[in-house]
Amino acid sequence: MSTPSFDSTESVTDLRANSVLDLQSQSQADQAGSSDDTVPVPDGEKLDKHIVVEWEGPNDPSNPYNFSPWRKWSSTVICSVGALCVACSSSIYTATYEGIQSDLHVKQITAITGLTLFVFGMGAGPMLYAPLSEFYGRRIIYIVAFVFYLAFQFPVGFGRNITSVLVNRLLSGLAGSAFLSVAGGTVSDLFEKHELGKPMMIFTAAPFLGPSIGPLLGDFIVANLSWRWVFYVMMIWTAVMLILILAFVPETYSPVLLRWKAQKLRKRTGNMDYMAPIEHLDRSVLATVAVSCKRPFQLLFFDIMVFSLCLYTAILLGINYLLFQAFTLVFVNNKGFSHEHVGLSFMGLLTGIIIGVLSEPYWKKTYSRLAQKHGAEIPEYRLPQAMMGSIFVPIGMLWFAFTTYKSVHYIVPIIACLPFGFGLILVYSGVFTYLVEAYRPYSASALAANGFLRSSFAAIFPLFSVQMYDDLGYAWASALLAFLCLACTPFPFLFYKFGERLRSRSRFAWSVPPPQQPPLNHLKV
C-alpha cells in the first residue's frame, strides 16, 4: 500500500484551519484519534532563538484538561444547548409559513425560501469560522457570532416585508453556524480522549435533535400566539445563551491560552524571547481561510469515495428537511391533524434519532471487535453502523409512504419514521467517522465538503416538496424518496469491501498510518 504524496506544510495548515467543522465531525475526529499530535518542546528550550512557552507540568491549572469538573461540564452543557438553539432555529421557521404568507402577502414557495437560505448559511459559515477560531480562540468567535446572530433575528421577527425576512434569515444562518463549527472544539479541548464519550454523546445529539424539535416547538407557539412569537422566543433563547457564554464559557483553545501566557511573560519580564508555539506559525488568516475553502471542493471533485458518501448523506439530510413540508400535507390533509398538532408527527423521527445516538457504545465495541479479530485498525471497520443504517432508512421511508392513506391510523406513519430516524443517525455517524480516519491529514476538509453538500441539499429539497407531493400523490412521492435512499444503500457496503483498495489509489486518503508531522505545535488541536 502506498502513501499519497502531499505538501506537508499545506496539509498541516489544512488540519488546523478546518479542525472543527460541525458538531458530529469534531467528536468523531477526536474519538478516532485524528488530531495531529506533534513532538513537544520542553519549556525553556530554545526554538528559532526563542523560549517556547508551554504548560508547567501535567497538573498546570491553566490547562483546560485540568479545569474543575463543574467548569468543564457547565461549558459542555452550554455549548450543547447553544448548538441545539441554532439547529432548532432552522426548522422552527416552518411553523411560520402561513403567517408569513398572510401578513407579508407572498406565495408559499417564497416563504419556504427562508428555510433554504438559513440552512445554506449554516453550511457555508463553518469554512470561515473554523480557521478563524484557530487564530483567535473559541470564546471570541462565540461572542461576536452570537451577537450578530441575535441582531439578525430582530429584522426577521419585526420585519414588515419579505426581503427583510429572507436576507436576515441567510445572515442568521451564517452567524449561528459558528456554534455548529467551533463548539465541538471546546468540548474536545476540555476532555482527554478517554473522557470524551459522555460529553460528546450529549453534544453530538444537538444538530440531529434540533431539526426535529423545531416544528414541535414552533407549532405549539403558533397555536397559542402569533407567528412572530416564534422569532421572539428564539431571540430570548439566543440572548440567554449569549449571557451564559459570557459568564461561564472560558477560552479553552490551548495554543491561544499559551499565547496569552507568553504575552504576560514578555510584559512582566521584559524578555521578548518568550514565544508560544502558535506564534511561530508562518501562515496568515487569509491564506488559511483560502485553503479551508479550496480543499473541500478538490476532495468532492477528485475522490470518488468522498463524493459518493457525501452525496448519500446529502440526500438523506435533504429528505429530512423535505419532510417538514411533507408531514404538514400528509397529517393535515389525510390524518385530520390541526396545524398546531402537526409538530407531534415528528415524535417518531425524534425517538429514532435518540435511539440511534444511544446506540453509539455498541458500535464502538463492534469496531474494537473487528480490529481485534483481524489484527488491524482500518477505517472500513467504522462502516458497519452506516451499513445497518442504510437498510433501516429505506424501510422506514417505504413504511411511511404506504401508510399515508386516510384509511390508515395516524400512529402508523409516525411509528414508521422511527426506523428512518434510527437509520439516519447511524449513516451520519458511520460516514463521518470513516471520513475522519480515511482522509488524514485532509479529514477536516473532507468533513467540510460533507457539510457543504449536505446543507446545499437540505436547502434545495424543500423548494420542490409541495409540487412533488401534489403531482405524484403522498404515497408515491414518499416512495420515490425511499427508492432514492435504496439506490444509495450499496455505498457503505461497497466501501467496506473495496475501501482499502480505493484508498491506496487515492491522492488524498491514507493507506498507511501518517508519518510524524513537523513540530508546528506540540499541543493537541
Side-chain angles (χ1 to χ4, degrees), residues 10-26 29 79 82-83 85-87 89-90 116-153 167-186 188-189 206-207 238 241-242 245 249 251-253 255-256 278 281 283-300 310 314 435 442-459 525:
E10 187 177 16
S11 66
V12 173
T13 299
D14 177 73
L15 263 180
R16 301 194 186 284
N18 299 283
S19 61
V20 186
L21 293 167
D22 88 34
L23 306 174
Q24 180 72 10
S25 69
Q26 178 62 38
C79 288
C85 173
V86 176
S89 186
S90 68
T116 292
L117 292 173
F118 188 94
V119 175
F120 183 79
M122 286 174 58
M127 293 191 182
L128 173 66
Y129 292 119
L132 289 179
S133 74
E134 307 294 339
F135 281 91
Y136 304 114
R138 321 289 194 194
R139 178 179 163 85
I140 189 64
I141 297 296
Y142 299 150
I143 294 171
V144 173
F146 245 49
V147 166
F148 281 103
Y149 179 53
L150 177 60
F152 291 140
Q153 290 185 71
V167 169
N168 285 281
R169 280 289 289 178
L170 173 62
L171 295 175
S172 295
L174 285 168
S177 66
F179 240 106
L180 301 179
S181 58
V182 178
T186 294
S188 64
D189 290 340
T238 303
M241 295 311 306
L242 183 57
I245 293 166
V249 178
E251 179 56 59
T252 61
Y253 189 48
V256 169
I278 195 174
L281 301 181
R283 56 188 172 96
S284 66
V285 176
L286 183 62
T288 304
V289 172
V291 170
S292 76
C293 293
K294 177 186 72 173
R295 184 81 69 194
F297 295 103
Q298 290 180 318
L299 285 161
L300 273 178
C310 289
L435 290 176
Y442 305 121
S443 59
S445 290
L447 292 167
N450 186 282
F452 181 80
L453 198 62
R454 279 187 297 118
S455 295
S456 298
F457 274 55
V525 177

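Each residue takes its place number in the sequence, starting with 1. Please read these numbers as outputs of a predicted model, since none were measured by experiment.
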**Message:** If you apply the rule side chain to side chain contact (heavy atoms under 4.5 Å, CB included), what do you find for Ser177 with Val86, and how did you get there?
**Reply:** CA-CA 7 Å; Ser177 66; Val86 176; 5.9 Å; no
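- Of all heavy-atom pairs between Cys310 and Leu300, the closest is CB-CD2, 4.0 Å.
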**Full working for side chain to side chain contact (heavy atoms under 4.5 Å, CB included) between Ile140 and Phe135** = CA-CA 11 Å; Ile140 189 64; Phe135 281 91; over 6 Å; no
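- To the nearest 0.5 Å, atom OH of residue Tyr142 and atom OG of residue Ser133 are 8.0 Å apart.
- Judged purely by atom type and a 3.5 angstrom limit, Ser172 uses its side chain to pair as donor or acceptor with the backbone of Asn168.
- With values rounded to the nearest 0.5 angstrom, Leu299 atom CG is found 12.5 Å from Leu453 atom CG.
- How far CG of Leu117 is from CE of Met122: 13.0 Å, rounded to the nearest 0.5 Å.
- Listed by chain and number, the residues in a ring-ring contact (aromatic ring centres under 6.0 Å, His included) with Phe120 amount to none (sequence neighbours excluded).
- Contact record, Thr238 with Leu150: CG2-CB, 3.9 Å, taken as the closest heavy-atom pair.
- The main-chain N or O of Ile245 is found under 3.5 Å from a side-chain atom of Arg139 such that the two form a donor-acceptor pair.
- From Leu174, atom CG reaches atom CG of Leu128 across 8.5 Å, with rounding to the nearest 0.5 Å.
- Applying the side-chain hydrogen bond (donor to acceptor under 3.5 Å, both in side chains) rule to Ser90 yields the partners Tyr321; only residues at least two apart in sequence or on another chain are considered.
- The side-chain contact (heavy atoms from CB on, under 4.5 Å) search around Ala175 returns Tyr129, Phe148, Tyr149, Phe152, not counting sequence neighbours.
- Annotation: ring-ring contact (aromatic ring centres under 6.0 Å, His included) contacts of Tyr136 (sequence neighbours excluded): none.
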